[in-house]
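Reading through the structure tokens given below for one structure.
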Amino acid sequence: MRKMYRLNHKSSEVIYGEIPKFSYSLNLYIVDKNVFELHQTFFNEINSNDIYFFDASEGNKSFFEVQKIIEWLKNKNFNRSGTMWGIGGGITLDITGFVASIFMRGCKLNFIPTTLLAMVDAALGGKTAVNLSNIKNMIGTFYPAEKIYIEPNFLTTLSSTELKEGWSEIIKISLIQESNLYEEILQSNLKVSDDIIQKAISLKMEICERDPEDRAERNLLNLGHTFAHIIESISQFEISHGNAVAIGIESAALLSLRSRWISKEVFEKIMFPWRKFKLIRKKKLINYMKNFDENLIYKDKKMSQQINLILFNGFQSTFKTNFKKNHLIKEILLDITKNEV
Ligand SMILES: NC(=O)c1ccc[n+]([C@@H]2O[C@H](COP(=O)([O-])OP(=O)(O)OC[C@H]3O[C@@H](n4cnc5c(N)ncnc54)[C@H](O)[C@@H]3O)[C@@H](O)[C@H]2O)c1
């Protein structure tokens, strides 16, 4: 299956279940080294000298690594007639996209996401990012990949914990707007299917097409992310992104309930898939909350004087609001650590 999307003046094609041809000489690859080791036959057609083996961690999603990759590209005499490929999870794609967007003012870029989270989220829509010390995604650009190859076989080597990371983003998109994805998730018993992946991709890409630079509707995709970035920062990235998003969505739902934007019944419906599939892990958060620094709230890039939050005002209905009561963030996080969902 192939589907072309328009993001501003660029096209971004999602190609499902087709292995790309790597026959051009001017290709260079930034590859998650775990993925290379686990899927060596996939890389048979690629000369290993053309691969930059990337150690995917939030600590390496950094300027230091950006510079190392750029120097490697320069030594390879890479130029704008070549294509850069990012092959890996969200961390690898975020940094590859960022380098591609700034190297010689932008070169061709293709992605092969290898985690569920990257297939349904990080590879799509052109947001690139690196962290600045422990501030998440502080630096980035909008630079969509021209081609995104979704190869579900990569999912066979993911652990159940890593698969849960992806499910967090799939459930998130099912809660943002009306669709039958929510029911399909409940019926799936967390068995990944082509249909669910494709539906999640379409829902995200359609929002990105309408608002490629995240100025209005696309903000809704940040549901749970204001909390998530704080959680990732206070845990120095010990709490993974997908789990932080899950905790963040519970926090947003609880704040919506307390602010009377949603009823208890809607709150329960929002929380149902997370509980049914035991997707939220909070044990680590309890420890990190002891050292919670309120200033981190202001360092999140989504915030200025006020806190920008995406909250629920119904089931599959979300809205953006500015929150002045910053202490509520800490209060909500402390409260949700007390209840295991
Ligand atoms: N740009 C965006 O729009 C966007 C959206 C969502 C998340 N993100 C970013 O994505 C990152 C999280 O991505 P992720 O969850 O994919 O994490 P990741 O890139 O760290 O990958 C998780 C782990 O899985 C390993 N891995 C990757 N593919 C594998 C495979 N097929 N089999 C076995 N192991 C494999 C990696 O080596 C790593 O250890 C975060 O930095 C987040 O900020 C970006």
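Whatever order the structure lists ligands and atoms in, that order sets their numbers, starting from 1. Note that the coordinates shown come from a computational prediction; the quantities given were computed from them, not determined experimentally. Numbers here simply count residues along the sequence, with the first being 1.
- Seen from the ring of Phe103, Lys74 does not count as a face-on cation partner, given the 6.0 Å and 45° thresholds.
- Inclusion of Asp94 in the set of residues having an N or O under 3.5 Å from an N or O of ligand 1 is warranted.
- Residue contact check: Gly89 has heavy atoms under 4.0 Å from atoms 16 (O), 19 (O) of ligand 1.
- Neither the backbone nor the side chain of Thr128 has a heavy atom within less than 4.0 Å of ligand 1.
- When non-hydrogen atoms are compared, ligand 1 lies under 4.0 Å from the side chain of Glu58 (C-beta onward) but not from its backbone.
- Taking the charged nitrogens against the carboxylate oxygens, Glu268 and Lys264 do have a contact shorter than 4.0 Å, which makes a salt bridge.
- At a 4.0 Å heavy-atom cut-off, ligand 1 does not touch Leu155 at all.
- Per-residue contacts place Asn34 under 4.0 angstrom from the following atoms of ligand 1 (heavy atoms of the residue considered): 36 (C), 37 (O), 39 (O).
- Heavy-atom contacts of Val35 reach the following atoms of ligand 1: 27 (C), 28 (N), 29 (C) (cutoff under 4.0 Å).
- If you run ring-ring contact (aromatic ring centres under 6.0 Å, His included) between Trp261 and each of Phe267, Phe319, Phe315, only Phe319 comes through.
- For ligand 1, the polar-atom distance check against Lys61 finds a nitrogen or oxygen pair separated by under 3.5 Å.
- Counting heavy atoms closer than 4.0 Å to ligand 1, residue Thr157 contributes atoms from both its backbone and its side chain.
- Across Glu162, His229, Lys204, heavy-atom proximity to atom 23 (C) of ligand 1 is greatest for Glu162.
- For atom 27 (C) of ligand 1, the closest heavy atom belonging to the protein is Thr115 CG2, 3.4 Å.
- Looking at Leu93, Asp32, Leu116, it is Asp32 that brings a heavy atom closest to atom 25 (C) of ligand 1.
- With hydrogens and angles ignored, the 3.5 Å screen pairs no side-chain donor or acceptor of Thr96 with any backbone N or O of Gly86.
- Using a 4.0 Å cut-off between charged side-chain N and carboxylate O, Arg281 and Glu165 make a salt bridge.
- Among Asn222, Ile91, Thr114, the residue whose heavy atom lies closest to atom 11 (C) of ligand 1 is Ile91.
- Scanning the protein heavy atoms around atom 35 (C) of ligand 1, the nearest turns out to be Leu158 CD2, 3.6 Å.
- Of the possible donor and acceptor atoms, none in the side chain of Arg275 sits under 3.5 Å from a partner among the backbone N and O of Lys278.
- Checking side-chain atoms of Gln316 against main-chain N and O of Ser179 turns up a donor-acceptor pair under 3.5 Å.
- In this structure, the protein non-hydrogen atom closest to atom 14 (P) of ligand 1 is Gly90 N, 3.5 Å.
- Those atoms of ligand 1 that come under 4.0 Å of a heavy atom in Asp121, given as number and element, are 5 (C), 6 (C).
- For ligand 1 and Lys136, the ligand atoms under 4.0 Å from any heavy atom of the residue are 40 (C), 41 (O), 42 (C), 43 (O).
- In plain terms, the two heavy atoms of Arg218 and Leu124 that are nearest each other are NH2-O, 4.2 Å.
- Put simply, CZ on Arg6 and CD on Glu209 are 9.0 Å apart, with the number rounded to the nearest 0.5 Å.
- Electrostatic pairing of Glu71 and Lys68 does not count as a salt bridge here, judged by no charged N lying under 4.0 Å from a carboxylate O.
- Neither the backbone nor the side chain of Lys172 comes within 4.0 Å of ligand 1, counting heavy atoms alone.
- Across Asn131 and Asn137, no two heavy atoms sit closer than the pair OD1-N, 2.8 Å.
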Go through the steps for Phe43 and Tyr29 under the test ring-ring contact (aromatic ring centres under 6.0 Å, His included), then give the verdict.
CA-CA 10 Å; Phe43 296 92; Tyr29 307 85; 7.9 Å; no

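- Nearest protein neighbour of atom 12 (C) of ligand 1, counting heavy atoms only, is Leu117 CD2, 3.9 Å.
- The protein heavy-atom contact nearest to atom 2 (C) of ligand 1 is Ala122 CA, 3.6 Å.
- Taking distance alone, with nitrogen or oxygen atoms compared against 3.5 Å, Phe154 approaches ligand 1 more closely than that limit.
- The pair Glu250-Lys282 meets the salt-bridge criterion, with a side-chain N (NZ, NE, NH1 or NH2) lying under 4.0 Å from an Asp/Glu carboxylate O.
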